[in-house]
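Report on one structure; see the data block that follows.
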Amino acid sequence: MAIVLILGATSDIGAAIAKKFASQKFDVLLTARKPEQLKPLESDIRIRYGVEVHSLGFDALQYDIHASFFNSLPVKPDVSICVFGLLEDEEAAFDDWSLAEKMIQTNYTGAVSILNVIAKYYLLQKKGTIIGISSVAGDRGRASKLIYASAKAAFTTYLSGLRNKCFKDQVQVMTVQPGFVYTKMTENQALPKALTSTPAEVADIIYVAYKKKKNIIYVKWFWRYIMLIIKNIPEFQFKKMKL
Ligand SMILES: NC(=O)c1ccc[n+]([C@@H]2O[C@H](COP(=O)([O-])OP(=O)(O)OC[C@H]3O[C@@H](n4cnc5c(N)ncnc54)[C@H](OP(=O)(O)O)[C@@H]3O)[C@@H](O)[C@H]2O)c1
């Protein structure tokens, strides 16, 4: 039986991914800062899919215990999915360095810290899959997502480098670039229905892409072309736009 590790399983996308992999008979390791919050999801998955599920404590910002967290896992995962992320109010974060720093650390530093540990293990095993949930926001910096987008851009670049580092040792690294998704993170935003996915759709697309050993996926597919257009707007014009 294969095992999947979900880092950030209290997130709507993380919970949907956990269910999708469980439906394909993966045992599941769920993690969150407050693992007791995972108990309803844990029993739901166990009852619905009949697989083994564990809930564990994990904080992306506790870098110094990331190695001991991974070493002490009850079983080692075949697939590790980094879902956690943080989007604060950007204007507040522009004023308050502690908010900006937390966004950078959660979306980038924390992810790099734990994925380095996992990648080292997979490289020794010469197998394993790492999936990182980044964002289309990281494809081009803009005023309304100043800190979040730059941290996600750094994460996307890290995943690209990690894929390059791990390829020769049969370790798969997949970057997921979601556009808009209906979750707690976006509940206060008015999202355009035609461009927005549900967490279950994101999970289905990730699972199919994982099976096909894809490198980079956009969710949904048309975001690749939306971002291509946005990336190609000349800077002299882009800097005047309100985005
Ligand atoms: N929703 C969108 O439109 C969208 C678009 C593109 C990309 N994404 C990305 O998709 C991923 C999932 O987001 P979501 O929309 O499902 O948002 P969400 O429901 O707000 O989930 C955010 C998750 O991050 C976790 N988290 C925050 N700080 C953490 C820390 N220090 N240590 C461990 N976990 C921490 C939260 O855990 P707690 O329960 O402990 O707070 C929660 O599980 C994120 O990486 C996000 O950037 C989302």
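Just follow the structure's listing: the first ligand is 1, and inside any ligand the first atom is 1. Note that these values count all heavy atoms, side chains included, but never hydrogens, waters or copies made by symmetry.
The ring pair (Phe, Tyr, Trp, His ring centres under 6.0 Å) test applied to Phe84 returns Phe58, not counting sequence neighbours. With sequence neighbours left out, Ser197 forms a side-chain contact (heavy atoms from CB on, under 4.5 Å) with Glu201, Val202, Val219, Lys220.
Near ligand 1, Gly8, Thr10, Ser11, Asp12, Ile13, Arg33, Phe58, Asp59, Ala60, Leu61, Val83, Phe84, Gly85, Thr106, Ile133, Ser134, Ser135, Tyr148, Lys152, Pro178, Gly179, Phe180, Val181, Thr183, Lys184, Met185, Thr186 each place a heavy atom less than 4.0 angstrom from the ligand.
Here Tyr225 and Tyr218 keep their ring centres 6.0 angstrom or further from each other.
Relative to the ring axis of Phe70, Lys76 places its NZ or CZ within 45° and under 6.0 Å from the centre.
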When the side chains of residues 230-243 are checked against the rest of the protein, which donor-acceptor pairs come out under 3.5 Å, sequence neighbours left out?
unit_1 : atom_1 : unit_2 : atom_2 : d
Asn232 : ND2    : Leu228 : O      : 2.8
Glu235 : OE1    : Arg140 : NH2    : 2.5

### Task
Please step through ring-ring contact (aromatic ring centres under 6.0 Å, His included) for the pair Tyr49 and Phe26, ending with a clear verdict.
CA-CA 9 Å; Tyr49 305 110; Phe26 274 73; over 10 Å; no
